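One structure is given below, encoded as structure tokens.
Small disclaimer: the values here were computed from a predicted structure and weren't measured. Order of the sequence lines sets the chain letters (A, B, ...), proteins ahead of strands, with each chain counted from 1.
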Amino acid sequence: MLQARLKKKLQNFTLEASFTLPSGITALFGPSGSGKTMLVKLLGGLEQPDEGEITLTSKSLYKKTVDRKAEVNLPSHKRSIGFVFQDHRLFPHMSVLGNLKYGIQKDSSGTNTVLIEDVIELLDLTTLLHRKPKDLSGGESQRVAIGRALLSAPDILIMDEPLSSLDRVRKEDILRLIERVRDQFDQTILYITHSMDEVLHLADNLILIDQGSIKAHGPLMETLSRQDLFPLAGEMDAGTVFAGKVTSHDFDYNITTIESDAGPVFVTGVRQTKIGDNVRIRLRARDIALSTTKHSDISMLNQFNGVITEFRDHTPGVVLVTIDTGLTLFAAITLKSKQALELEVGSDVWALVKSVTVDSVER
Amino acid sequence: MTLSAEEWEIITLSVKIATWCVLVSLIPALFMAWLLARRDFFGKSLLNAIIHLPMVVPPVVVGYFLLVVLGRRGVIGSWLYEQFDITLIFTWKGAVISAAVMSFPLMVRAIRSGIEGLDIRLEEAAQTLGRSPLYVFATITLPLLLPALISGVTLGFARALGEFGATITFVSNIPGETRTLPIAIYSLLQIPGGQGMAERLVIISVLLSLLAIGLSEWLARRSSNLQKGSV
């Protein structure tokens with residue numbers, strides 16, 4: 001468990017962050033330029049804060065009060081905070097094997113803390129070992145970078161947008177690998193991203209950062225469904241995240257039924273899930289339509305009955321409607337529709353969602 | 001063309017002086033280049049100017065300064081003589097010193113631009129893998145700096161081979177001791193009938209320089225292949 005309280009004046013704003021990092025994968029999510037990368041550099045000792053304190057499992061890594069000399073300031077190599085950088089940073093003059101072995105950590109009896117064979121197998125590196133970094137593809141480089149960091153046996157592994165330079169197929173591969181890394185090596189990971197998809201896929205916990213300050217942190221789903229945080233999670237991506245369980249597959253139509261607190265949700269294109277798998281579902285507010293009656297002559301498969309509990313101004317001409325369907329859903333509708341349907345708090349409505357717009361990710 | 005004993009002596013002396021010059025300056029030049037490229041400190045631009053001075057003042061002036069400072073009665077020269085019985089003036093060791101002073105800025109410049117071109121993020125990455133700064137320097141910085149080191153050494157060596165003004169001023173022109181190639185050529189041109197031998201030395205001098213450049217090109221190509229991983 002890492003605890004940090006940091007302050008650093010930057011050009012446009014002051015980075016001021018106070019948080020704890022539990023085990024599992026924590027996503028550090030925020031728009032570009034919100035101070036994410038600076039924050040992790042401060043943790044790793046690659047940049048110096050103005051004041052603050054960092055403690056890692058009761059060991060002090062950094063401690064400084066303003067206008068004083070730092071009481072504790074361990075250099076990077078003594079912090080046991082590993083990095084997987086966006087740009088891989090493999091050593092060009094060494095082979096893949098040389099890169100992997102570079103930071104290898106031995107325990108007191110001289111055996112490797114993390115076995116290189118395990119890492120090579122998990123990340124499927126066997127065929128790459130004698131290649132040089134310049135002969136690797138982006139995805140391969142990223143796998144080597146992950147392996148190299150794992151072998152240095154860090155207490156915390158920081159991944160700075162590791163997927164940003166990869167294409168979609170590679171992204172999914174690496175995402176799965178990162179989950180395996182967490183499970184097999186029991187590795188605490190701080191995962192920086194500005195992609196909500198990656199957050200939904202991976203994160204157990206979420207830290208939301210904007211303009212250098214932490215707006216929220218906590219378990220993922222709780223944090224994501226907080227309405228006051230919508231503007232941060234991305235204007236267009238506001239919505240609800242909830243958990244469900246796969247109950248049936250209709251292979252003829254390629255439709256999967258997921259049981260949730262709001263009733264069954266029909267989604268399409270769910271690959272690689274089995275009956276009984278837990279999944280996360282995200283319904284974006286902009287994908288939900290409202291109706292005052294149930295429809296049978298409409299293509300929208302998902303129809304949830306509920307009661308309106310709140311209206312909120314969203315963007316000009318658009319209101320955000322909160323509907324209690326057993327789950328709290330949010331729908332973004334126009335002011336014009338709100339008046340035409342005579343919607344009020346307490347109105348009984350049907351929330352309609354096209355199956356093809358439902359995001360679901362396996363967990 | 002066979003070389004006379006006298007010519008052979010001139011060549012070996014020149015190569016000896018240039019080699020020692022590079023050996024003596026390499027580590028200080030590396031340190032200075034690193035200091036100038038990576039550190040900020042008070043008086044940095046002054047230090048930078050002083051190091052570059054030998055490139056811009058006439059070599060004879062540099063030789064004069066060496067004479068004043070390192071001569072028998074110079075501040076450092078007298079101390080060296082009294083404490084260690086070391087005489088630099090009129091000796092080949094003095095020639096090494098004057099060549100080193102003259103080639104130092106060239107070596108620093110070559111190595112410095114190499115350090116500035118290094119991706120500092122690789123060193124950062126190495127540190128986050130739990131390796132100490134010294135280990136990182138030896139395993140990441142130095143190997144990646146090899147091409148710049150080779151180019152610094154070549155430039156320094158070539159400059160030392162050609163050094164004339166500071167050397168002749170500081171250690172004079174003593175056959176077998178301080179008479180290097182350029183000084184020998186100059187001397188031969190001063191005496192009647194010396195032109196024939198001077199021409200032979202001119203050719204040797206050109207060949208020697210070509211050899212040095214060829215060798216360094218080969219080494220540089222090898223080391224840069226090594227870095228990019230094509231070996």
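Here the straight-line distance linking atom CG of B:Asp119 with atom CZ of A:Phe91 works out to 10.5 Å at 0.5 Å rounding. The OG1 atom of B:Thr128 sits 10.0 Å away from atom CD1 of A:Ile81, with the distance rounded to the nearest 0.5 Å.
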Is there a side-chain contact (heavy atoms from CB on, under 4.5 Å) between A:Tyr102 and B:Arg131? Walk through the geometry before answering.
CA-CA 8 Å; A:Tyr102 189 84; B:Arg131 294 304 185 185; 3.4 Å; yes

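For B:Phe65, the CZ atom counts as loosely surrounded, since its 6.0 Å shell holds 12 or fewer non-hydrogen atoms of other residues, nucleotides or ligands. For CD of B:Glu116, the number of neighbouring non-hydrogen atoms (other residues, nucleotides, ligands) closer than 6.0 Å is greater than 12. Counting non-hydrogen atoms of other residues, nucleotides and ligands closer than 6.0 Å to CG of B:Leu210 gives a total above 12. Within a 6.0 Å radius of CG in A:Asp183, more than 12 heavy atoms belonging to other residues, nucleotides or ligands are found. The environment of CZ in B:Phe31 is sparse: at most 12 heavy-atom neighbours from other residues, nucleotides or ligands sit within 6.0 Å. Heavy-atom neighbours of B:His52 NE2 from other residues, nucleotides or ligands within 6.0 Å: above the threshold of 12. The 12-atom threshold is not exceeded at CZ of B:Phe42, counting heavy atoms of other residues, nucleotides or ligands nearer than 6.0 Å. Sparse packing is recorded around NZ of A:Lys78, with 12 or fewer heavy atoms of other residues, nucleotides or ligands lying under 6.0 Å away.
A donor-acceptor pair under 3.5 Å is formed between the side chain of A:His93 and the backbone N or O of B:Thr139.
Contacts between A:Arg148 and chain B at a heavy-atom distance below 4.5 Å involve backbone atoms as well as side-chain atoms. Contacts between A:Leu90 and chain B at a heavy-atom distance below 4.5 Å involve the backbone alone (N, CA, C, O). At a 4.5 Å heavy-atom cutoff, the contact between A:Phe85 and chain B is made by side-chain atoms alone.
With a 4.5 Å cut-off on side-chain heavy atoms, B:Arg121 and A:Leu46 do not count as touching. At least one side-chain heavy atom of B:Pro133 sits less than 4.5 Å from a side-chain heavy atom of A:His77.
For the pair B:Glu124 and A:Arg89, the salt-bridge criterion is met [side-chain N within less than 4.0 Å of a carboxylate O].
In plain terms, the two heavy atoms of B:Leu122 and A:Pro92 that are nearest each other are CD1-CD, 3.7 Å.
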